[in-house]
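One structure below.
Each chain gets a letter, A, B and so on, in the order the sequences are listed, and its residues count up from 1. As a basis for the values below, the full set of heavy atoms in this structure was taken, side chains included, without hydrogen atoms, waters or symmetry mates. Small disclaimer: the values here were computed from a predicted structure and weren't measured.
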Amino acid sequence: MTWQPSNSVEQDRYDKLQRLRAADINPYPNRVHRTHTTQEAIAAYEQAEAQHPDAPADIPVTVSGRIMRQNLKGKIYFGHIEDGSGRVQLMIRFNDIGEAMFGHVRQNLDLGDFVQATGTMMRTKMGEVTVRVEALVILSKALSPLPVIKERKLEDGTIERYGEFSDVEERYRQRYTDLAVNQHVRDVFRIRAKIIRTMQRFLDDKGFLEVETPILQPIYGGAAARPFVTHHNQLHQDLFLRISFELYLKRLLVGGFDGVYEIGRDFRNEGVSYKHNPEFTMLELYQAYADYHTMMAITEEMLAKVAQQVSGAMTVSFKGHEINFGPPWRRVTVRDLIKQHLEIDYNDYPTAAALEEEMRKSGLEVSSGLPRGKLIETLLEAVEPKLIQPTFVLDYPIDISPFAKKLESDPTHVERFEIFIGGMEIGNAFTELNDPLDQEARFLEMARLYRSGEDDATPIDEDYLNAMRYGMPPCGGLGIGVDRVVMLMTNQTTIREVVLFPHLRARE
RNA sequence: GGCUCCGUAGCUCAAUUGGCAGAGCAGUUGACUCUUAAUCAAUUGGUUGCAGGUUCGAGUCCUGCCGGAGUCACCA
């Protein structure tokens with residue numbers, strides 16, 4: 001089925017396309033001959049103007065971009081084109097380009113078309129640096145209309161926008177349209193790239209090696225989540241999309257790398273929310289000869305650096321809060337935190353049943369029969385929204401932390417912390433368990449505790465145990481949810497605003 | 001998955017108690033050779049998310065479905 005215009009606007013544009021073709025103008029030529037970006041053209045003129053204010057030198061330019069505003073005024077046309085660097089105004093006069101070409105400008109140009117303009121830089125009477133066009137080439141004809149958004153610069157420099165493209169569903173389904181007309185959306189993704197690059201540089205400078213590990217895994221593990229399943233046809237093998245990188249990255253420490261990290265996609269087959277997308281970007285790093293204290297130091301230093309890069313300061317505003325990333329961050333144990341906020345000392349309730357009863361008494365809704373570690377996690381989740389400033393929450397119950405080493409002072413707890421900022425969990429880290437026999441026992445205990453119910457136990461990764469038996473150095477490991485960091489740094493309240501193509505249900 | 005709210009022109013939104021589906025922008029035609037939310041005049045454009053129902057009459061009320069948002073649940 002070939003495309004048909006679906007409304008009169010598209011029909012008009014299609015007619016224009018045909019008229020251009022009839023006039024022997026290719027609306028989609030192969031070559032572009034740009035000499036300046038729009039901002040380079042403006043800068044070049046301003047420089048010439050600075051040198052000779054009365055008679056600036058001629059600056060011949062060829063610029064290219066998408067028409068974002070146009071205004072035909074009799075025999076003179078003004079329009080703005082936009083490229084990746086910004087916008088510049090074009091002025092096209094009948095006398096400058098002749099009747100035939102002006103006819104096309106008049107009749108066949110639309111908002112959204114890409115054009116190439118050759119001319120000389122000038123400043124209009126209204127004071128705007130502008131390309132006075134001598135030749136115009138159409139680079140790409142747009143058949144569908146972009147949403148029309150008009151902008152006016154107010155005296156204080158802020159930009160007032162008239163018209164919007166704000167339908168959330170359409171913005172996500174047609175992100176290209178969203179990006180094309182919403183500069184502030186593009187800015188979020190520029191910052192996102194900067195955040196990731198800052199993390200990579202930071203870790204590279206610390207001597208970490210960036211690696212890539214399998215996304216398709218025969219056995220999934222390293223986190224608590226349901227996986228997506230797929231199938232390799234030739235091998236007749238079911239494969240899982242990874243839910244974490246953990247077990248592969250630690251194999252690399254066995255292999256002799258002292259420090260590795262990976263930034264990539266995890267997939268979890270669970271509900272979506274303002275902070276959950278089925279696929280999301282994770283940073284995981286592992287460092288030999290280190291522990292969770294080392295991981296806290298790295299986290300503080302790295303995110304402070306990211307904040308600095310993004311905002312030029314240690315503080316970032318998020319949902320009306322000023323969040324200060326300057327180290328050192330608050331450190332508090334899980335137990336103390338829960339005591340402070342909920343007035344429950346879980347050490348007073350040594351069994352799951354006793355703790356569950358006490359939680360009910362305090363008015364918390366708890367599903368019955370949960371293991372004690374899960375109950376403590378539920379208590380922590382009740383406090384989570386109150387943790388706005390960066391906080392390390394330390395020392396978790398062992399039964400929800402199968403990959404972390406026990407505290408030397410308390411074998412029921414492990415050297416683990418989670419990072420909370422802006423009321424969200426941002427990351428998770430441990431002093432990594434490197435005792436292969438303890439690890440095997442933990443796997444078996446997990447399998448026993450979570451055998452029942454639909455959350456079938458994670459399969460035991462025998463090869464991972466095999467690797468550990470060859471000797472794994474003492475190490476610290478850290479995972480950080482990159483999307484959530486981007487939310488914090490760009491003051492976005494939903495993960496969908498920091499993921500270019502968030503998952504949406506298929507439309508009919 | 002539960003509950004609440006939302007879906008009207010390409011975009012942003014109106015539409016009284018159930019009573020002729022409208023506006024601005026964009027588009028089209030005309031005027032205008034320094035405009036910039038250009039302006040002025042005229043004008044096109046609708047399966048009101050989909051399918052049923054109630055009614056003389058449904059954008060509006062009812063049922064189901066589709067999609068989205070919020071919230072709760074789920075997320076060892």
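The side chain of A:Gln70 approaches B:G27 more closely than any other nucleotide in the set B:G27, B:U36, B:U71. Considering only side-chain atoms of A:Phe165, the nucleotide from B:C75, B:C11, B:C32 that sits closest is B:C11. Nearest nucleotide to the side chain of A:Thr124, out of B:G70, B:C34, B:A26: B:C34. You'll find that the side chain of A:Val168 is closest to B:A69, out of B:A37, B:G45, B:A69.
Looking at heavy-atom distances under 4.0 Å, A:Arg173 makes contact with sugar-phosphate atoms alone, never a base. Across all strands, A:Lys75 comes closer than 4.0 Å to base atoms (heavy-atom distances). At a threshold of 4.0 angstrom between heavy atoms, the contacts of A:Met68 with the nucleic acid are absent. Residue A:Leu370 is classed as having no contact, given no heavy-atom separation below 4.0 Å to the nucleic acid. A:Arg123 comes within contact range of no nucleotide atom at all, as no heavy-atom separation falls under 4.0 Å.
Under 4.0 angstrom from either OP1 or OP2 of B:A76 there lies no side-chain N or O belonging to A:Arg442. Using a 4.0 Å cut-off, some side-chain N or O of A:Lys16 falls inside it from OP1 or OP2 of B:U28. For the OP1/OP2 pair of B:C32 and a distance below 4.0 Å, the side-chain nitrogens and oxygens of A:Arg93 include no atom meeting the criterion. Side-chain N/O atoms of A:Arg69 include none lying less than 4.0 angstrom from OP1 or OP2 on B:A37. Between A:Lys374 and B:A76, a side-chain N or O to OP1/OP2 separation shorter than 4.0 Å is present. OP1 or OP2 of B:C34 lies within a sub-4.0 Å distance of a side-chain N or O belonging to A:Lys73.
In terms of the side-chain contact (heavy atoms from CB on, under 4.5 Å) criterion, residue partners of A:His184 (sequence neighbours excluded) are, by chain and number, A:Arg161, A:Asn182. Shown here are the side-chain contact (heavy atoms from CB on, under 4.5 Å) partners of A:Pro218, two or more places apart in sequence or in another chain: A:Gln237, A:Leu239, A:Tyr248.
Inspection of the A:Tyr349 and A:Glu357 side chains reveals no N or O donor paired with an N or O acceptor under 3.5 Å. No side-chain donor-acceptor contact under 3.5 Å links A:Gln174 and A:Asp178.
For the P atom pair drawn from B:G59 and B:C20, the interatomic distance equals 10 Å after rounding to whole Å. When the C1' atom is used for both B:U12 and B:A26, the distance is 11 Å, rounded to whole Å.
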| task | Treat a base pair as Watson-Crick or G-U wobble with both distances under 3.5 Å, then lay out RNA chain B in dot-bracket form, 5' to 3', with | for cross-strand pairs. | result | (((((((..((((.....[..)))).(((((.......))))).....(((((..]....))))))))))))....

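A:Asp438 has its side chain within reach of A:Lys406: a pair of non-hydrogen atoms, C-beta onward, lies under 4.5 Å apart.
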